[in-house]
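Since the structure comes first, as structure tokens, the remarks are kept for the end.
Below, chains carry the letters A, B, ... as their sequence lines are ordered, and counting in each starts from 1.
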Number of protein chains: 2
Amino acid sequence: MNRDRQTKKTTIYDLAALAGTSASAVSAVLSGNWKKRRISSQLADKITRLAEEQGYAVNMQASLLRREKSKIIGMIVPKYDNRYFGSIVETFENMARERGLFPIITCTRRDPALEIEAARTMLSYQVEWLIATGATDPDRITDICAASGVKSLNLDLPGSRAPSVISDNFAGAKELTRRILANSERRLGQASPLLFIGGRGSDHNTAERVRGFRTAHAEVGVAVDESHILACGYAPEKAENALDALASREKHLPQGMFVNSTISLEGVMRWIRRSGHYDGRPPVMGCFDWDPFAALLGDNIEMVRQDVPGMLNAIFDIIDQGLSQTSLIEIPPVFMGS
Amino acid sequence: MNRDRQTKKTTIYDLAALAGTSASAVSAVLSGNWKKRRISSQLADKITRLAEEQGYAVNMQASLLRREKSKIIGMIVPKYDNRYFGSIVETFENMARERGLFPIITCTRRDPALEIEAARTMLSYQVEWLIATGATDPDRITDICAASGVKSLNLDLPGSRAPSVISDNFAGAKELTRRILANSERRLGQASPLLFIGGRGSDHNTAERVRGFRTAHAEVGVAVDESHILACGYAPEKAENALDALASREKHLPQGMFVNSTISLEGVMRWIRRSGHYDGRPPVMGCFDWDPFAALLGDNIEMVRQDVPGMLNAIFDIIDQGLSQTSLIEIPPVFMGS
DNA sequence: CAAGGCAGCTCAATCGATGTAGCAAAAATT
DNA sequence: AATTTTTGCTACATCGATTGAGCTGCCTTG
């Protein structure tokens, strides 16, 4: 009825009453399979028109309860404060919608407890797949999902019990380091060992990047200074603090830096401006991640861009094919400019 | 049963069978009101233990179908590619969760059709509130929601039929313009009229910012050049194209710029580097929006930061109080630095 | 003219959780 | 001992959409 449009929602029973037909017919028409169910096109038209008039919207809760598949796909993501994750989320939403899936995203702020809670909540909403992006404990999430028969995937950081799609951190870091060292040599006459800053020593990506960093140094015969590998965490302040500590214990700061994320770069740049340590002779820099403004900061900063469309194509290839055996897919990052 | 954990999900009926009790008891225990329903604590413990063992998770679809309130809150947002919207989304999620609400967010890429579709989908999922952020046609969304008895709010861009929370664009733009003009005078000896670039001429925020821009010029007695108000859209390329066109028709480019968003700033900065038009005498700039790296680009760029926590506090004040009469709440933006 | 076929519907069970109403047994009260 | 109260539970209807199994006429066909 029109008078309680404000308070109650229109259901198929309301429409059935208005059309003088049964709820089954309404359902058949509105779910699009009225041909199969042999509803006349007159009745179909009538019902469709009424539904439009009444502003009818299916009750997904009821619909999904009855159906076998929810067509809901979940993603958990650490933060929305950088281009990398922003782009992952946006691409994910688009690709999910293209496939008729409904994406649900939750930001867990790198909080392990929140990750678990978010995963459980998503299971309650009957997600068919859960993508754990940059999770601190991906295997835990895989286990929780597996216990409910839900398939899960890891993105950005790998796990050992579900397929994982990540950047080729080793190759990317090696090439990035090679470039920074080359720039350093060009600018300063000789290649000196770089500082590595940012990330977590315990995470796979940071470990792989440090390995690439070492390999690149070794290849040009430069010795890495072990005390200059600062996996201090991701927050900008952590990078600032690490640099403060470094500056207070060493006279000569490294002439070049490998920064492990744009978030760390934020702290590094702030520190460089604030401390004045590099005034006049800015360090040669590189960043494992891309940001449009950071890219404009100067011509001495080299950036790798992780291939987000490539990574999500790999994710949806797995989903489209329904695979779920453990595997590690490494997507080469892209080098900007030269 | 354990053997089909992989395939089927545990329900309260499974748990009831395992515990040798009824589904009602299981439901009462797991929904936390077993005291009210006078279930013994022995049985409660037993059921809780079993639920844990079996990795039970409520079926929200079933639960919500039965309940009267869904506790789901929806938000549509244009993009995830800048700090402003990223911060809105992250803050929104946190504040929703604090209140026991489940946030669903959809990115509509400034596509009017997608906005409508997303709104309808959210209604299907029984959202209790829908926040339309930066929507191209907020009133349309309000109407769709109203037809289903769902309350809606506008954020960032105002509508006329639902409460709206936006930045104080006029005051913010006026102060920003004042600062750019002052910097311009300090640097160049005299205040010359600024270029306004970015945004949509048709949207409320751009119109208000242009008004603030004009007022600030008038207050220092500088005449605005009407052909230098370029509301060319939000995408970076649009700003680049607008500047190309401007440069091709004018010999002297403005010495200062008011850029209407970080996204436009991206295009502007790229153009400045690429075109070489400002080499040696960089323009005095200001941007209505904040980005940490853009802030480091040089000391000649003034930024206003929209007060995201303030705006979302206003949004949730309305939600907490259940208000829904139309109103326009303007939150003053924050000036960084000096 | 009976039998079969088919178009165009409706009935009723079902999905899983919730909550009201009610029932049997134990405990407390008179 | 008889009654009332309390405890601890179960039965069942319900939410809205879906779908397999009918059911009723009308039209063919032999």
Side-chain angles (χ1 to χ4, degrees), chain A residues 4 7-47 51 54-72 121 123-126 128 148-149, chain B residues 4 7-47 51 54-72 121 123-126 128 148-149:
Chain A
D4 40 9
T7 40
K8 284 284 167 206
K9 292 192 178 169
T10 313
T11 70
I12 51 169
Y13 298 95
D14 300 332
L15 294 179
L18 286 171
T21 181
S22 73
S24 314
V26 175
S27 168
V29 170
L30 297 179
S31 59
N33 46 9
W34 54 278
K35 289 228 156 171
K36 279 170 226 155
R37 303 219 56 190
R38 295 189 307 221
I39 305 292
S40 66
S41 50
Q42 290 106 290
L43 183 55
D45 286 349
K46 187 177 183 183
I47 289 172
Q54 303 292 316
Y56 172 82
V58 221
N59 182 324
M60 274 297 173
Q61 265 75 52
S63 177
L64 295 181
L65 177 58
R66 189 64 225 284
R67 286 190 205 291
E68 69 305 350
K69 321 206 77 186
S70 73
K71 297 266 177 189
I72 299 180
T121 306
L123 290 182
S124 282
Y125 280 92
Q126 311 299 110
E128 289 181 22
S148 294
Chain B
D4 41 8
T7 40
K8 286 284 166 205
K9 293 193 176 166
T10 313
T11 70
I12 53 168
Y13 298 95
D14 301 334
L15 294 178
L18 285 171
T21 181
S22 71
S24 313
V26 176
S27 169
V29 170
L30 297 179
S31 59
N33 45 9
W34 53 278
K35 289 228 156 171
K36 281 170 225 156
R37 308 267 323 260
R38 293 186 314 219
I39 305 293
S40 67
S41 51
Q42 291 105 289
L43 183 54
D45 286 350
K46 187 177 182 185
I47 289 172
Q54 303 292 318
Y56 171 81
V58 221
N59 182 325
M60 275 298 173
Q61 263 74 53
S63 176
L64 294 181
L65 176 59
R66 190 64 223 286
R67 284 188 205 290
E68 69 305 349
K69 319 206 78 188
S70 72
K71 297 266 179 191
I72 299 179
T121 307
L123 291 182
S124 282
Y125 280 92
Q126 312 299 110
E128 290 181 21
S148 293

Could you tell me the separation between the [atom1] atom of [X] and the [atom2] atom of [N], rounded to a whole number of Å?
X	N	atom1	atom2	value
B:Arg38	C:dA27	CZ	P	15 Å
B:Ile12	D:dT10	CD1	P	12 Å
B:Arg67	D:dA13	CZ	C1'	18 Å
B:Lys46	D:dG8	NZ	P	15 Å
A:Asn59	C:dC15	CG	C1'	13 Å
B:Leu30	C:dG19	CG	C1'	15 Å
A:Asp14	D:dC15	CG	P	11 Å
B:Met60	C:dC15	CE	C1'	17 Å

Could you check whether any side-chain heavy atom of [X] comes within less than 4.5 Å of a side-chain heavy atom of [Y], counting everything from C-beta outward?
X	Y	answer
B:Leu15	B:Leu30	yes
A:Asn59	B:Leu65	yes
B:Leu64	A:Tyr125	yes
B:Leu18	B:Gln54	yes

Residue-phosphate contact under 4.0 Å: [X] side-chain N/O, [N] OP1/OP2:
X	N	result
B:Thr11	C:dC15	no
B:Ser22	D:dT10	yes
B:Tyr56	C:dA17	yes
B:Tyr13	C:dT14	no

Measuring from the side chain of [X] (C-beta onward, heavy atoms only), which nucleotide among [options] has the closest atom?
X	options	answer
B:Arg37	D:dT7, C:dT20, D:dG16	C:dT20
B:Ser63	C:dA17, C:dC15, D:dT7	C:dA17
B:Ile39	D:dG16, D:dC9, C:dT10	D:dC9

Heavy atoms only, 4.0 Å cut-off, all strands: where does [X] land among base, sugar-phosphate and nothing?
X	result
A:Leu43	sugar-phosphate
A:Ser24	base
B:Ser27	base

Most 5' of A:Ser40 and B:Leu65 on DNA chain C, judged by nearest nucleotide: A:Ser40
N/O donor-acceptor pair under 3.5 Å between A:Ser124 side chain and B:Ala57 backbone: no
